[in-house]
Amino acid sequence: MDGSAQRTLLITLTGRDRPGVTSRLFRTLSQFPLTVADVEQVVIRGRLVLGVLLAYTEGADIGRVWNAAEKVANDLDMEIELSTGRNKRMPKRGGRLHVTVLGAPLKPAAMAGIAGRISAHGANIDRIERLAQNPVTCIEMDVSGADPDTLRAGLAVEAAEQQVDIAVQHGGLSRRAKRLIVMDVDSTLIQGEVIELLAEHAGCLDEVAKVTEAAMRGELDFEGSLRERVALLAGLDAAAIDDVRDKLRLAAGARTMVRTLKRLDYKFAIVSGGFTQVTDALVDDLGIDYSAANTLEIENGKLTGRVTGPVIDRAGKAAALRRFAAEAGIPVSQTVAIGDGANDLDMLQAAGLGVAYNAKPVVRQAADTAVSVPYLDTIVFLLGISREEVEAADAADAAQGV
């Protein structure tokens with residue numbers, strides 16, 4: 001068969017989905033001297049669209065194939081379109097990317113704007129798939145022919161205009177290889193800031209909150225700001241730590257994300273500018289593999305207003321990510337870092353994929369991608385895992401009593 005200009009037949013079946021449609025069509029086609037060049041199938045709300053591209057030699061009786069395919073469609077009460085042509089082999093388009101769109105809600109104007117930006121960059125959308133419908137709508141596109149950096153910049157503008165989140169990642173093995181998740185804790189894995197909860201007990205919440213906010217925006221040196229805030233806690237009864245720890249609330253979707261990815265043999269780490277007196281409990285509760293945090297000094301049952309040991313600051317978080325990756329035997333390029341504040345920036349930039357989660361503007365601009373919906377488990381969609389797969393795994397565990 002001439003590989004440069006094959007004769008082709010495109011068959012498109014459309015109609016109500018039911019078991020056996022695909023097998024019925026291919027059983028019928030197996031009677032003829034055809035080869036399968038391409039197949040695509042999608043089901044939307046119970047309606048199937050099945051496209052089959054077939055190649056054949058010049059002497060084949062394509063009329064018989066045509067009649068047989070139409071009989072299948074009639075028997076199944078489906079619509080059919082058939083067209084013939086020549087398939088000139090095209091060179092492969094470079095720059096294969098995954099573009100993930102998160103919206104709550106996701107409106108047609110957003111999809112129009114995104115598709116327009118992709119087209120304006122001279123790229124092509126090869127495939128579109130829905131990964132989730134709730135609690136957010138997540139659509140993933142396979143895109144070819146685009147430079148990732150320029151496309152990411154263009155889509156970031158569109159994301160801001162349409163109030164959606166858009167991630168651009170390299171396709172292929174580099175995306176599937178992400179194996180270590182390293183997370184910030186305060187306002188990321190958990191709701192709120194532990195030091196502010198302690199400050200509330202100590203009666204100095206306003207002073208601590210002002211310093212925290214400035215540090216998160218990157219306006220203050222983190223180590224200096226931490227020591228300043230901890231000093232305000234001097235004299236606080238250590239029992240306040242137990243109270244804060246008992247009242248902590250995980251971010252929505254946090255437990256689902258950790259459970260889902262650990263099923264797939266991901267390693268998890270937390271790295272925090274907060275305190276081991278709190279993070280150690282999270283390690284035990286969630287089955288976290290690695291952790292690093294600061295430690296509050298306690299004497300005679302009271303906080304001294306100091307921390308012990310080296311401070312886990314912006315550089316310390318990045319160093320911890322590299323250390324955890326080395327201990328796990330995982331290249332840094334196969335890590336995902338998630339954070340929200342300026343002290344997470346080095347960690348986000350060191351990781352293979354840096355995700356700004358409900359982050360300050362300076363962090364959103366520097367990270368590979370940003371997620372602004374309040375559901376931490378949407379991170380799994382960035383890794384190509386669908387909501388249906390998560391729910392199926394949960395159901396399987398429930399059936400086994402896990």
Side-chain angles (χ1 to χ4, degrees), residues 1-93 96-101 108 111 115 118 123-133 137-145 171-172 175-176 381 384-393 395-396:
M1 190 179 296
D2 182 0
S4 62
Q6 302 174 29
R7 291 182 176 274
T8 59
L9 171 65
L10 175 61
I11 300 174
T12 306
L13 275 178
T14 308
R16 183 176 61 83
D17 187 31
R18 75 206 74 176
V21 172
T22 304
S23 61
R24 171 71 183 278
L25 177 62
F26 278 105
R27 278 200 308 271
T28 298
L29 296 175
S30 66
Q31 306 170 42
F32 304 98
L34 306 165
T35 58
V36 178
D38 198 2
V39 182
E40 289 192 15
Q41 178 172 308
V42 64
V43 178
I44 302 177
R45 287 200 174 274
R47 190 163 181 83
L48 169 73
V49 179
L50 170 61
V52 179
L53 183 66
L54 303 160
Y56 61 94
T57 58
E58 194 161 338
D61 187 351
I62 205 62
R64 290 183 59 225
V65 178
W66 195 299
N67 292 335
E70 286 185 327
K71 184 177 187 308
V72 170
N74 290 334
D75 290 347
L76 296 173
D77 193 25
M78 302 182 76
E79 298 174 9
I80 187 169
E81 292 184 12
L82 302 105
S83 60
T84 58
R86 289 182 177 271
N87 181 34
K88 292 187 177 180
R89 186 169 295 170
M90 301 296 290
K92 291 184 178 180
R93 297 170 64 91
R96 300 193 67 83
L97 304 170
H98 293 295
V99 175
T100 309
V101 183
M111 291 300 294
I118 292 171
N124 187 64
I125 301 173
D126 300 325
R127 183 185 64 87
I128 301 177
E129 179 182 8
R130 176 178 62 80
L131 295 183
Q133 195 171 18
T137 300
C138 178
I139 302 294
E140 182 173 273
M141 305 178 188
D142 286 353
V143 174
S144 59
R175 184 210 200 186
R176 296 189 182 97
F381 305 147
I385 301 166
S386 71
R387 171 62 66 187
E388 286 80 3
E389 290 172 309
V390 173
E391 293 175 350

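Along the sequence shown, the residues carry numbers beginning at 1. All of these numbers come straight from a predicted model, not from anything done at the bench. Note: hydrogens, waters and symmetry copies are ignored here, and every other heavy atom, side chains too, is used.
Closest heavy-atom contact between S23 and G20: OG-O, 3.1 Å. Contact between S386 and F381 at its shortest, heavy atoms only, is C-CE2, 4.2 Å. Considering all non-hydrogen atoms of both residues, I80 and A69 come closest at CD1-O, 3.5 Å. The minimum heavy-atom distance between L29 and L34, with the atom names listed, is O-CD1, 3.9 Å. The shortest heavy-atom contact between G384 and E389 is O-OE1, 4.0 Å.
Counting only heavy atoms from C-beta outward, the side chains of T12 and T14 approach each other to under 4.5 Å. At least one side-chain heavy atom of H98 sits less than 4.5 Å from a side-chain heavy atom of E140. Side-chain contact between V65 and Y56 is absent, with no heavy-atom pair separated by less than 4.5 Å. The side-chain heavy atoms of R96 and D126, taken from C-beta on, include a pair separated by under 4.5 Å. In this structure, L54 and V36 have side chains that are in contact, with non-hydrogen atoms separated by less than 4.5 Å.
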Go through R18 and R24 one step at a time and tell me if the side-chain contact (heavy atoms from CB on, under 4.5 Å) criterion holds.
CA-CA 11 Å; R18 75 206 74 176; R24 171 71 183 278; over 6 Å; no
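The environment of CG in D77 is sparse: at most 12 heavy-atom neighbours from other residues, nucleotides or ligands sit within 6.0 Å.
The list of side chain to side chain donor-acceptor pair (under 3.5 Å) pairs with a residue in residues 36-54, not counting sequence neighbours, reads T22-Q41.
From L76, atom CG reaches atom CG of L48 across 9.5 Å, with rounding to the nearest 0.5 Å. We find the CG-CZ distance between D61 and F32 to be 8.0 Å, quoted to the nearest 0.5 Å. Once rounded to the nearest 0.5 Å, the distance linking CD1 of I62 with OG1 of T8 reads 9.0 Å. One finds the CD atom of Q133 at 9.0 Å from the CD1 atom of I139 (value rounded to the nearest 0.5 Å). Taken from CE in M78 to CG in L13, the straight-line distance is 5.0 Å, to the nearest 0.5 Å. One distance of note links CG of L9 with OG of S83; it measures 7.0 Å at 0.5 Å rounding.
Residues satisfying the salt bridge (charged side-chain N to carboxylate O under 4.0 Å, His left out) criterion with R130, sequence neighbours excluded, are E388.
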